[in-house]
Amino acid sequence: MRPPALQQVAVVPLVPAWRLDRSFDYSVPVGIAESIEVGSVVRVRLGHRNVRGVVVAGSESPAPSSLEPVLAVIVTPAPARPPITDLLNWMARRYVAPRGAAFARAVPPRVRVKVRPPEPLAAAAAPARLLPAYRGGEELLAALRSGAGGAWSLQSAWAEDRGALIAELVAAASPRAALVAAPEVRHGSLLLEELARRWPEIERVDSSRSEGDRSRAWLRLAAGHGGGAGGRATVLAPAPDLGLIVIDDEHNPSYKEDRAPRFDARRVALQRAALQDAVCVLASASPSLDWFGPSGLRTVEPGHARRRAMRPVIELLEPAGERAFSHAFHERVAAALGRREKVGLLTPRRGYARTMWCASCRASLRCPVCEAGLAYDRAPQRVRCPRCDYQAPVPPRCPRCSATELRALGAGSERLAEQLARSFPRATVGRLDPDTLENSPSGELQPCDIYVSTWVGTKPELRPEVSVVGILDVDGLVRRPDFRAVENAYQALVAMAEWAGPASEGGRLLIETSEPTHHAIQGLMRADHGFFVERELAQRAELGYPPYSELVVVKASGPEASELADKAAAACRDAGAEVLGPIVRRPQGGPEERQLLAKCRLGADPVAEALRPLMLATPRDSRLWVDVDPR
DNA sequence: ACATTATAAATA
DNA sequence: ATTTATAATGTG
């Protein structure tokens, strides 16, 4: 039996304006009562024009005749049915965005399409990869099959075929629907291609598809189709009977949306899974610290045997000092070239900000204003805060232990290329950076003997096959002025271990470091993520950074920037946050702005709530910019 | 006095 | 965001 028809509805207009941050009521003409429901995309009259909107509530009692009528239902089936409406409301509030901006993300592109009937994904073979080799895999599969729901961090073994692993999960979730998100899909993704090979009927919602394709996919999913895959927007794709939502390569920064609402797709996926009693899986070879500690997820991780089997031979070398690389390093590379093997070298980006650290107590210099680590400029010798542009002369002694020997860290990548060419005149040396890769699809990369990468980047599928990988300045990565520096350095190390491949296939990883006992290095050597996490969490706890708090960054610009920033700071403090700043910043080329960082030990939600009224009250010539869960 | 342009207000 | 009413500014 059909539920009684709606006679009046509340509609959120898809207009990203704070003045319109609410719903508007309309009457439902008899002609469209059949097709309208909560979650429908409709056209309504608003002010002096017609706009699209999403129905967020409805009533079966007759509407007062003073209400404007809904003009049309634009697409069927409804793409934002409950509980997606609740998810979007949550997203607008947590990420301090107008409701219209949030709801617009759940609506297909505006093209009229004809949609094929939905079908479940074909069941596949029983899981072979997850079960024997992974601890906690059984529990995860049981939750998928029973429909119990829950949230997991899935740590894959190094160089694991994660596509196959994820395919097993998708199969186990069937006949309930599965959504899979992959990072940086713009130039293709091995994972998405692998899934499409196994399930040709899976709907792709990537931005690489045409608007028509995307619209078709979106609506077929809304009709109950069994599976969808794409980039970070996939977490908002419709799926009335969602059983599984996967975020692959979860630690990848591209899961952070850069336009309002600036959501973190991983958090949205977790929230959504909870609302739909689905399983959320955050998959990565180096899971983010955010999912450990106080609000930890359940974990699936490779057993000891699997970890050992996938590990390359790892060798730690003393850094070369003044030269670009050491004698020992030279020997290893020469030996590899002698065996006709290929070599990959990672060195931090050219022009990389060096950091200053104390030779005796090993503390790096920190900014007195915002606690970020200080960078070291060489041209005029100064220390500079990359976060707030605080500047000062290099201090004569360590502020912590008063030792006088402060060292600058960081290797130059130009010198590296020079020296390589001199040391290995018969080898061809190629550069590997985002530009080179974007300009040539994976197959057409010039084959070289040595690849130099200045990029810790994340597209494993684009890395040429090598057997020896060298990392020249881990210390520089670790000391980078960012509270996530150590975590990111560790993630880079894991990515490089994956690039090298298992020892059984000749994989070797060389690491130049002056701190062999650092927990990032030790965690890697032991192939023990838990070891690393435990130690790094202690650091985070000490400074009150995530996961022991949630962060909110607020920037104010315009003539009233100063007053706005002060108000924002006060609002954050009232909501229980510890506020650093506001400090004055001048982004390169741009006008001056005030910025503050709120550490919210009670969570970001109350702070987001407190900032909301300020957005509405912002004068039109000034701007307030809020980023919750910054990356 | 009237056209042109900046500004504010409202949206069911 | 977009439209429209209203104020401000400019022009003959």
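Letters go in sequence order (proteins before strands), and every chain restarts at 1.
Comment: A/Asp21 does not engage A/Arg99 in a salt bridge, judged by the lack of any side-chain N to carboxylate O separation of less than 4.0 angstrom.
The shortest side-chain heavy-atom distance between A/Leu195 and A/Val180 falls under the 4.5 Å cut-off.
Taking the six-membered ring for Trp and thresholds of 30 and 60 degrees, A/Trp90 and A/Tyr95 have ring planes more than 60 degrees apart, a perpendicular arrangement.
A/Arg45 comes within 4.0 angstrom of sugar-phosphate atoms only, judged by non-hydrogen atoms across all strands, and of no base. Among the protein residues, A/Arg22 comes within range of the nucleic acid bases, having at least one heavy atom under 4.0 Å from a base atom.
The side-chain hydrogen bond (donor to acceptor under 3.5 Å, both in side chains) test applied to A/Arg162 returns A/Ser156, A/Asp248, A/Asp249, not counting sequence neighbours.
In terms of heavy-atom proximity, A/Glu60 sits nearest to A/Ala5 at CG-O, 3.7 Å.
Taking every nucleotide of DNA chain C with any atom under 4.0 Å from a non-hydrogen atom of chain A, the first and last of them, 5' to 3', are C/dA1 to C/dT4. When DNA chain B is scanned 5' to 3' for any atom under 4.0 Å from a heavy atom of chain A, the first and last hits are B/dA8 to B/dA12.
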Q: Walk me through it: do A/Arg81 and A/Asp86 pass the test salt bridge (Lys or Arg N to Asp or Glu O under 4.0 Å)?
A: CA-CA 9 Å; A/Arg81 281 192 283 237; A/Asp86 306 288; over 6 Å; no
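Side-chain atoms of A/Lys555 never come within 3.5 Å of backbone atoms of A/Arg585 as a donor-acceptor pair (strictly under, hydrogens ignored).
A distance of 10.0 Å separates CD in A/Glu550 from CG in A/Asp264, rounded to the nearest 0.5 Å.
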